[in-house]
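Scope of the values below: all heavy atoms of this structure, side chains included, with no hydrogens, waters or symmetry mates. To find a chain, count down the sequence lines: A is the first, B the second, and so on, and within it residues start at 1.
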Amino acid sequence: EAQVTQNPRYLITVTGKKLTVTCSQNMNHEYMSWYRQDPGLGLRQIYYSMNVEVTDKGDVPEGYKVSRKEKRNFPLILESPSPNQTSLYFCASSSSNEQFFGPGTRLTVL
Amino acid sequence: AQKVTQAQTEISVVEKEDVTLDCVYETRDTTYYLFWYKQPPSGELVFLIRRNSFDEQNEISGRYSWNFQKSTSSFNFTITASQVVDSAVYFCALSDLPSTGANNLFFGTGTRLTVIP
């Protein structure tokens, strides 16, 4: 079954404690991206990757890092989380014909 | 720059009524894709439709229909005979297509639809 998986699905953490949200896809897609969803703002792209070792900033990259060492994985790293990064995060994987979203990770930073 | 506007923040209808969700977009690209996604209370994003900029034919899928008009830069979504299960947040999105053809989506702010039994 074609899918994008994210872990964890829910996370409560404290300011400054580094965390990683994993994302994995099984469709051999080259293109992956991360979005955050906030009330009244819709979804905004954080980072994207067009292939292994190729990443670039989206619209709201501040405070985030990503890496793409393997085609299937695209982790999102928050080196020093802050309360304004409390949000719902979606990983996405796409080809030219289709786009799949992961189930979402709800992050709360206290 | 790409932009998607969903002016309706919240809509409430009584079950079995028809409802139209508006979407207006801006882009300088001549080739682009438009999407609608549904986000039910459980939170996942459910793909509903993708339409490319060269295909202005309206589309119908069961109780759902979409009206794409390039002249007004709109891609409106109508639910006929609404049901309680249609209650969700609906997002319209525009795809930026770089040369690789991959999708970089620009989302509207969403419309929350509540269908009252």
Inset, instruction - Examine L34(B) and I49(B) and state if one hydrophobic cluster contains both, with Ile, Leu, Val, Met, Phe, Trp and Tyr joined whenever side-chain heavy atoms are less than 4.5 Å apart. - result: yes
Inset, instruction - Check L43(A) against L45(B) and note the closest heavy-atom contact, atom names and distance. - result: CD2-CD1, 3.6 Å
Legend entry - CG on D59(A) to CD on Q2(B), rounded to 0.5 Å: 9.5 Å
Inset, instruction - Go through the atoms of Q39(B) and report whether side chain, backbone, both or neither lie under 4.5 Å from a heavy atom of chain A. - result: side chain
Inset, instruction - Could I get the full list of salt bridge (Lys or Arg N to Asp or Glu O under 4.0 Å) partners for K18(A), not counting sequence neighbours? - result: E79(A)
Inset, instruction - Could you tell me whether K17(A) atom NZ has more than 12 heavy atoms of other residues or ligands within 6.0 Å of it? - result: no
Inset, instruction - Find out if a path of hydrophobic residues (ILVMFWY) with successive side-chain heavy-atom gaps under 4.5 Å connects W34(A) to F35(B). - result: no
Legend entry - Within 6.0 Å of CD in Q57(B), more than 12 heavy atoms from elsewhere: no
Inset, instruction - Kindly check if the number of other-residue, nucleotide or ligand heavy atoms within 6.0 Å of CD1 (I12(A)) is above 12? - result: no
Legend entry - Part of F47(B) lying under 4.5 Å from any heavy atom of chain A: neither
Legend entry - Euclidean distance, F106(B) CZ relative to Q45(A) CD, rounded to 0.5 Å: 7.0 Å
Legend entry - Atom pair CD/OG1 of Q37(A) and T109(B) - distance to nearest 0.5 Å: 11.0 Å
Inset, instruction - Please list, chain by chain and in numerical order, all residues satisfying ring-ring contact (aromatic ring centres under 6.0 Å, His included) with F77(B), sequence neighbours excluded. - result: W36(B), Y64(B), W66(B), Y90(B)
Inset, instruction - Please answer: with hydrophobic residues joined when any side-chain heavy atoms are less than 4.5 Å apart, are F75(B) and V24(B) in the same cluster? - result: no
Inset, instruction - Sort by residue number and list every member of residues 100-110 of chain A having a non-hydrogen atom under 4.5 Å from chain B. - result: F101(A), P103(A)
Legend entry - Nearest heavy atoms of E44(B) and F90(A), plus distance in Å: CA-CE2, 4.5 Å
Legend entry - Common cluster, M50(A)/L76(A), ILVMFWY with side-chain heavy-atom separation under 4.5 Å: no
Inset, instruction - For D86(B), enumerate each residue passing the salt bridge (Lys or Arg N to Asp or Glu O under 4.0 Å) test, keeping only those at least two apart in sequence or located in another chain. - result: R63(B)
Inset, instruction - Measure from the side-chain N and O atoms of Y35(A) to the backbone N and O of L105(B), and report whether any donor-acceptor pair falls under 3.5 Å. - result: yes
